[in-house]
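Only a predicted model underlies this, so the values are computations on that prediction, with no experimental measurement involved. Keep in mind that the numbers below use all heavy atoms, side chains included, and drop hydrogens, waters and symmetry copies.
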Amino acid sequence: MLTFVMPAMAGCSAVGTTEKEGLLTFNFGSDSSFSSNDLMIVSLLPDFIIEDLDSGALDRVVRDPFLDDEYIYKYVAGIFLHEGKLYYSVTTDDHDEIIEVDLNSWNERRIYYHSQPGEVKLLNDDLEEHQWSLGKRDLPFMIYGDSLFLYSDHDVKMVNLTTGKETRLIRHVLYPSALAFRNGKFYYTNTVNEVRVFSLDDRSDFPLSGVRAEFTLFIRGDFLYFFDIDREGALYSVDLTTKVLKKVAAGGIGMYTVDDDWLYYVDFSSDGSVYRMDLATGEKSLLLGEPHASNLQVIDGTPYLYVRIANWTPENVTIDTYRINRTDWHVERLDAYDEFSPSA
C-alpha cells in the first residue's frame with residue numbers, strides 16, 4: 001500500500017457545510033458531491049464546475065489542458081472546500097489521489113496518493129503526473145486540523161498532512177452516506193446497523209443511545225437525522241447534547257435535507273416528487289413536481305435550496321438543476337447548468 005502526502009498548512013475553516021471558529025460539520029453522503037461557501041457553489045455533477053454566488057457565472061474547476069473532460073467526469077470522486085482552496089479526489093482501478101486547487105491562481109498540487117502495495121512517503125512539490133484507468137468508486141474525504149480523513153473500503157483513515165503518517169481510525173462503516181462528522185466526533189452506522197460515535201480526542205468508540213439506522217446519517221446543528229430501522233424506517237432526529245429522540249416523519253422518504261425550520265425530502269409514498277415539511281407543525285406541501293431527485297442542498301448564507309434531478313436513459317444520465325427560494329418558494333430551473341460546456 002503506497003501513500004504519498006504533500007505537507008500542508010494546519011488549521012480548519014471554510015468548508016461548504018457548517019464552520020465557525022474551527023468547528024466543522026461534514027456529511028459524507030452529500031457534502032462530497034456538492035459544496036458551498038460564502039462565495040461559490042461547487043458541483044461535481046453534471047459537470048465539475050463552480051457557480052459564483054454574486055454573478056451566477058459558471059466556470060470549470062480543472063483547467064489542466066492535458067486532462068480530458070470525460071476522464072474528469074468518470075474519475076473525480078469527491079470534493080471539499082477548505083481555507084479558500086478546493087480539494088478533489090480521483091479514484092481509479094490502481095490508485096487514489098487528492099488534488100489541491102488554489103482558487104486564486106488555479107494552480108494544482110497533489111497532496112495524497114495511494115496505490116498497491118507500498119508505504120507512506122512525502123511527495124515532491126514539482127511532481128506533475130497523472131495516471132488514469134477505467135473504474136470509479138466514491139472517495140469522500142475532509143480536512144480537519146492538520147489531518148486528512150477519508151472513507152475507503154468501509155474504513156475511515158487519517159493521514160497527517162505534515163508527516164504523512166496514516167492511521168486507520170474506524171472499521172466496518174456501512175457505506176459513505178452512513179458517516180457524518182461534527183466538532184471532533186465521527187457518527188457512523190456499522191455493518192450491523194448500530195449508530196456509533198468515535199471521538200478524535202480520546203479515540204473512544206461507543207454506541208449512540210441504542211440507535212439503529214439504515215441508509216443516510218445527516219447532521220444539522222445539534223441534531224443527527226437518521227432512518228430508524230427498528231421503527232419501520234421512519235425519519236428520526238436525536239439531539240446530540242441531550243440524546244433526546246424525536247420522530248420527524250413517517251417512512252417513505254428518500255433523499256432529504258433540513259434547515260433550521262424545514263425538512264425537504266423526496267416522497268416515495270406518493271409520486272417521488274420533492275416536498276417540504278414544517279419541522280414545528282408537521283404540515284407538508286409539494287415543493288417541486290419532478291421525480292428522481294439525486295441531491296437536495298441548502299445553501300447557507302443565502303435563501304436558496306438547490307435540487308438536482310437525475311434523468312436516466314440507456315445511453316446517458318442527465319441532471320437538471322433547480323433553485324428554490326426558501327422565502328417565497330419560487331422555483332427556477334437553472335438552464336445555464338445544462339448549457340454549460342466545460343470544454344468551452
Query raised in the report: With side chains defined as the heavy atoms from C-beta onward, is the minimum distance between Tyr144 and Met158 less than 4.5 Å?
Result: no
**Report entry** Closest non-hydrogen atom pair between Leu217 and Ala213, with its separation
**Finding:** CD2-CB, 4.2 Å
Query raised in the report: Are Ile170 and Arg196 side-chain neighbours, meaning at least one heavy-atom pair lies under 4.5 Å?
Result: no
**Report entry** Side-chain (Tyr175) to main-chain (Phe215) donor-acceptor, under 3.5 angstrom
**Finding:** yes
Query raised in the report: Would you say Trp329 and Val307 are hydrophobically clustered, going by side-chain heavy atoms of ILVMFWY under 4.5 Å?
Result: yes
Query raised in the report: Parallel, tilted or perpendicular for Phe227 and Tyr256, by the 30°/60° rule?
Result: perpendicular
Requested in this report: For Ala178 and Val173, work out which heavy atoms get closest and say how close.
Outcome: O-CG1, 4.2 Å
Query raised in the report: Do Asp222 and Arg182 sit within salt-bridge range, that is, some charged N less than 4.0 Å from a carboxylate O?
Result: yes
**Report entry** Flag, side chain of Asp155 to backbone of Lys157, donor-acceptor distance under 3.5 Å
**Finding:** no
**Report entry** Note: Arg326-Asp261 ion pair, threshold 4.0 Å (strictly below)
**Finding:** no
Query raised in the report: If you draw a 6.0 Å radius around NZ in Lys243, do more than 12 non-hydrogen atoms from other residues or ligands fall strictly inside?
Result: yes
**Report entry** Test item: Trp262 and Val298 side chains (from C-beta on) under 4.5 Å apart, heavy atoms
**Finding:** no
Query raised in the report: Can you list the steps and then say if Leu86 with Met40 is a side-chain contact (heavy atoms from CB on, under 4.5 Å)?
Result: CA-CA 11 Å; Leu86 172 66; Met40 68 189 69; over 6 Å; no
Query raised in the report: Do any N or O atoms from the side chain of Asn160 and from the backbone of Ser147 form a donor-acceptor pair under 3.5 angstrom?
Result: no
**Report entry** Presence of salt bridge, Asp300 and Arg220, under 4.0 angstrom
**Finding:** yes
Query raised in the report: Linking I/L/V/M/F/W/Y whenever any side-chain heavy atoms sit under 4.5 Å apart, do Val244 and Val248 land together?
Result: no
Query raised in the report: Should the heavy atoms of other residues, nucleotides or ligands under 6.0 Å from NZ of Lys284 be counted, would the total exceed 12?
Result: yes
Report task. Classify the angle between the aromatic ring planes of Tyr113 and His95 as parallel (below 30°), tilted (30 to 60°) or perpendicular (above 60°). Result -> parallel
**Report entry** Check ion pair Asp205-Arg203 (N to O, under 4.0 angstrom)
**Finding:** no
Query - For Glu214, all residues meeting side-chain hydrogen bond (donor to acceptor under 3.5 Å, both in side chains), sequence neighbours excluded - result: none
Requested in this report: Mind checking the OG-CZ spacing from Ser33 to Phe28? Nearest 0.5 Å is all I need.
Outcome: 12.5 Å
Report task. Quick one: pull up CD in Glu166 and OH in Tyr112 and give me the separation to the nearest 0.5 Å. Result -> 5.0 Å
Query raised in the report: Under 4.5 Å between side-chain heavy atoms, hopping through other hydrophobics if needed: is there a path connecting Leu179 to Ile229?
Result: no
Query raised in the report: If you measure from the Lys or Arg side-chain nitrogens to the Asp or Glu carboxylate oxygens, is any gap between Asp228 and Lys247 under 4.0 Å?
Result: no
Report summary line: Scanning both residues in full, the closest heavy-atom pair of Thr327 with Pro303 reads CG2-CB, 4.0 Å
Query raised in the report: Just by distance, do the side chain of Arg333 and the backbone of Asp335 share a donor-acceptor pair under 3.5 Å?
Result: no
Query raised in the report: Hey, mind stepping through Tyr264 and Asp259 against side chain to side chain donor-acceptor pair (under 3.5 Å) and telling me if it holds?
Result: CA-CA 8 Å; Tyr264 308 97; Asp259 59 21; 2.7 Å; yes
Query raised in the report: Quick one: are Leu224 and Leu208 in side-chain contact, heavy atoms under 4.5 Å?
Result: yes
Query raised in the report: Are side-chain heavy atoms of Leu263 and Ile253 found at a separation under 4.5 Å?
Result: yes
Report task. Is it possible for you to say whether Phe206 and Phe226 belong to one hydrophobic cluster, with membership spreading through side-chain heavy-atom contacts below 4.5 Å? Result -> yes
Query raised in the report: Does Asp52 have any salt bridge (Lys or Arg N to Asp or Glu O under 4.0 Å) partners at least two apart in sequence or in another chain, and if so, which?
Result: none
Report summary line: Ile143 and Gly145 have their tightest heavy-atom pair at CG2-O, 4.2 Å
Report task. In sequence, state the C-alpha distance, the side-chain angles, and the governing distance for Phe34 and Ile41, and then conclude on side-chain contact (heavy atoms from CB on, under 4.5 Å). Result -> CA-CA 7 Å; Phe34 302 94; Ile41 299 171; 5.8 Å; no
Query raised in the report: Could you give the distance from CG (Leu139) to OG (Ser152), rounded to the nearest 0.5 Å?
Result: 6.0 Å
Query raised in the report: Does any N or O in the side chain of Thr189 come within less than 3.5 Å of the main-chain N or O of Leu174, such that one atom is a donor and the other an acceptor?
Result: no
Query raised in the report: How are the rings of Phe48 and Tyr88 set relative to one another: parallel (under 30°), tilted (30 to 60°) or perpendicular (over 60°)?
Result: perpendicular
Query raised in the report: Taking the six-membered ring where the residue is Trp, are the ring centres of Phe149 and Phe26 under 6.0 Å apart?
Result: no
Report task. Would you check, one step at a time, whether the test side-chain contact (heavy atoms from CB on, under 4.5 Å) holds for Phe218 with Phe223? Result -> CA-CA 8 Å; Phe218 186 88; Phe223 297 94; over 6 Å; no
Report task. Would you check if Glu51 and Arg323 make a side-chain contact, meaning some heavy-atom pair closer than 4.5 Å? Result -> yes
**Report entry** Euclidean distance, Asp96 CG relative to Phe141 CZ, rounded to 0.5 Å
**Finding:** 11.5 Å
Report summary line: Output for pair (Ile319 CD1, Leu44 CG), nearest 0.5 Å, gives 9.0 Å
Report task. Answer yes or no: does atom CG of Asp38 have more than 12 heavy-atom neighbours from other residues, nucleotides or ligands under 6.0 Å? Result -> no
Query - Side-chain heavy atoms of Arg308 within contact of Thr321, under 4.5 Å - result: yes
Requested in this report: Look at the side chain of Asn27 and the backbone N and O of Ile219, then say whether any donor-acceptor pair between them is shorter than 3.5 Å.
Outcome: yes
Report summary line: Those residues at least two apart in sequence (or on a different chain) that pass side-chain hydrogen bond (donor to acceptor under 3.5 Å, both in side chains) with Asp102 are none
Query raised in the report: Any side-chain heavy atom of Phe181 sitting closer than 4.5 Å to one from Leu200?
Result: yes
